[in-house]
**Q** 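Can you read through this structure? Questions will come right after.
Atoms considered below: every heavy atom in the structure, side chains included; atoms not considered: hydrogens, waters and symmetry mates. Counting convention: from 1, in listed order, for ligands and their atoms alike. Just so it is clear, the structure is predicted and the values come from calculations on it, not from any experiment.
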Amino acid sequence: MPRLTLPDARAIDLPEGEPVGAALPPEAIAARVDGALVDLSFVPPADAKVEPVLASEPDGLHVLRHSTAHVMAQAVCDLWPGAKYAIGPAIDDGFYYDFELPSAVSEGDLQRIEARMREIVAADQPFVREDLTRIEAIERLSGQPYKREIIEQLEEGEVAAGDVVSLYRNGDWADLCLGPHVPSTGRLGVFQLTKLAGAYWRGDEARPMLRRIYGTAWASQAELDDYLHRLEEAERRDHRKLGRELDLFSSPEELGPGLWVWHPRGGLFRKELEDYVRDLHIDRGYDLVVTPHIARSVLWETSGHLDKYADNMYPPMRTETGDYYAKPMNCPFHVLVYKSQTRSYRDLPMRLSELGTIYRHERIGTLHGLLRIRGGTQDDSHIICTPDQLVEEILGVFDLTLEILGTFGFTEPVIKLSTLPGQTIVTPEMAERATQALTNALQKSGLPYELAEGEGAFYGPKVDFDFRDAIGRLWQLTTVQCDFGLPDRFEMEYVGEDNERHRPVMIHRAILGTLERFSAVLIEHYGGAFPLWLSPEHVWLAPVADRHVEYARELSTRFRAAGLRAHIDESAETVGKKVRAAQLMKAPYTLVIGDKEIAAGTFNVRDRSGTETKGVGFDELVRALREEIEARSLEQRSFGD
Ligand SMILES: [Zn+2]
Ligand SMILES: [Zn+2]
């Protein structure tokens, strides 16, 4: 009789052959037995530690979503006889399943599929696990070519453990799967199918294009509503939509996919962002460098990019002086700056900084607005130092990261240390030293972090800082890499105190990533309503009639002289429409200019929330706005206090 130990240390003797579910409370949808996630129908072979898995916890939600994917595929097979089903995993917030269907499916069909799913839920069909040999499994899923291919190219862990393939059946429908699932279809939570997409089988453009149906599933209606609200909020903040509405940037057809032009309003925003970052770097002991966009192939051969990174590079430009490549990274250029003269230990650390534009030939299907692009500008720096200085320099980067990102309202980073991947240009010994330095710095900083094995760059392990935006989404922003490999490949040297030649170490770091991607994140974070210092205009002037335009122009000149940017709406619209337009453009402060204001020389200042402060004098207004800008305040100020 196996003895089960529950989380409250209570022990239960489970009768031989009884499933683990018998020992758990009725709200459990799955179980954890000695840490492994299993079905409630799992029969423990020996004594074990057992925990219930609830639908409200992450593992439970995963089981719920995955089980819902089964039921969706079952419903699709019922409605489209002859449907072939491929794969259907749980993902963040939901699930999907890929199909080859005998006839077209449209958004309008999603409700029909949902209705069929609800019938299956009402039937409360148990999920039954069967362990089969590969041959038996292929027989059972005859007529399902994608499943057959999966079994034939079976990877351990995907659907099999050893030679046994597990199949889960509910009703007359079955799928290959490792499980676990909820005990029966009646235990599914609330779900909704959300969208249709196309996806290549195995992600391979040479294989068939399948129909992907996405859905979301939650433990309760309240959680589903909450999620749908977040989705709506994300859509409202979509940087592609806001970029167009706020006239910030565009990607015209003629330019090519993944390439963007910034319009005047976007240009001002970029200028403020760049000035802030550049000036702060100078304050922190960084030196500015400037490098070109292309270089000869020999540079990329030495750096290892042509060997390990060529898939992400644009093809070469062939000229009479050799092949030139657009740069996918700035590092080798900064190495050339370092090597332009003999360096001594007194020169170190050298912190070379550039807003460097890079080009990466990302796959078309992966491009997404400004978030995934083919050309962009990184706030890229390379710190070249002695091995002794490494930990201190990494700590300096962490500090600068927290300061810069804090300015935008990003706090409490989620930090990840990624070790080297299989494909690398450094020796195991170098990798070990680099990982050690990053680990030491993390420990010294006291910042909490997680370990991700094998997710580093090809030239070194890295630390990533992810931050949550205003609606709780996590964005990976900062990357710090530690590199012993490139200094070796480029034979970088410094003369030490001992008068001998030594090899320095290199830190690669980008705090914002590309400014394009960071801008997209900021736009979504602020919903387009930038803090005053980043706003393309500080005040928006709305003359009531044509006769007030002249005065508005004079006022604009006075604002400019005081270091503030004013925009005049000279359109023929009514003043009501002008105020509305200012609101739509997320203008921070709007001033209506009419006879009264001209006579009094004071203004009614309307902020973004529509709150109006009456009778504000010009000097008072300038002083208040300048204060708000200089503090890089995240809040609009109120006047008259
Ligand atoms: Zn499954
Ligand atoms: Zn680099």
**Q** Can you give the angle His382 NE2 - the Zn ion (ligand 2) - His508 ND1, rounded to 10°?
**A** 100°
**Q** For Arg278 and Tyr286, does a side-chain donor sit closer than 3.5 Å to a side-chain acceptor?
**A** no
**Q** Using side-chain contact (heavy atoms from CB on, under 4.5 Å) as the criterion, point out the one residue from Leu196, Asp93, Ile91 that pairs with Tyr214.
**A**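 In the set Leu196, Asp93, Ile91, the residue that makes a side-chain contact (heavy atoms from CB on, under 4.5 Å) with Tyr214 is Ile91.
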**Q** Strictly under 2.8 Å, is the Zn ion (ligand 2) approached by any N, O or S atom of Cys331?
**A**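 Within the cut-off used here (under 2.8 Å), Cys331 does place an N, O or S atom near the Zn ion (ligand 2).
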**Q** Suppose you place the vertex at the Zn ion (ligand 1); what is the angle out to His66 NE2 and His181 NE2, to 10°?
**A** 100°
**Q** Before we go on, tell me: are the rings of Tyr314 and Trp300 under 6.0 Å apart, centre to centre?
**A**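 Between Trp300 and Tyr314, which both carry aromatic rings, the centre distance is not below 6.0 Å.
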**Q** Between His66 and Phe95, is the gap from one ring center to the other below 6.0 Å?
**A**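 Not close enough - the centres of the two rings lie 6.0 Å or further apart.
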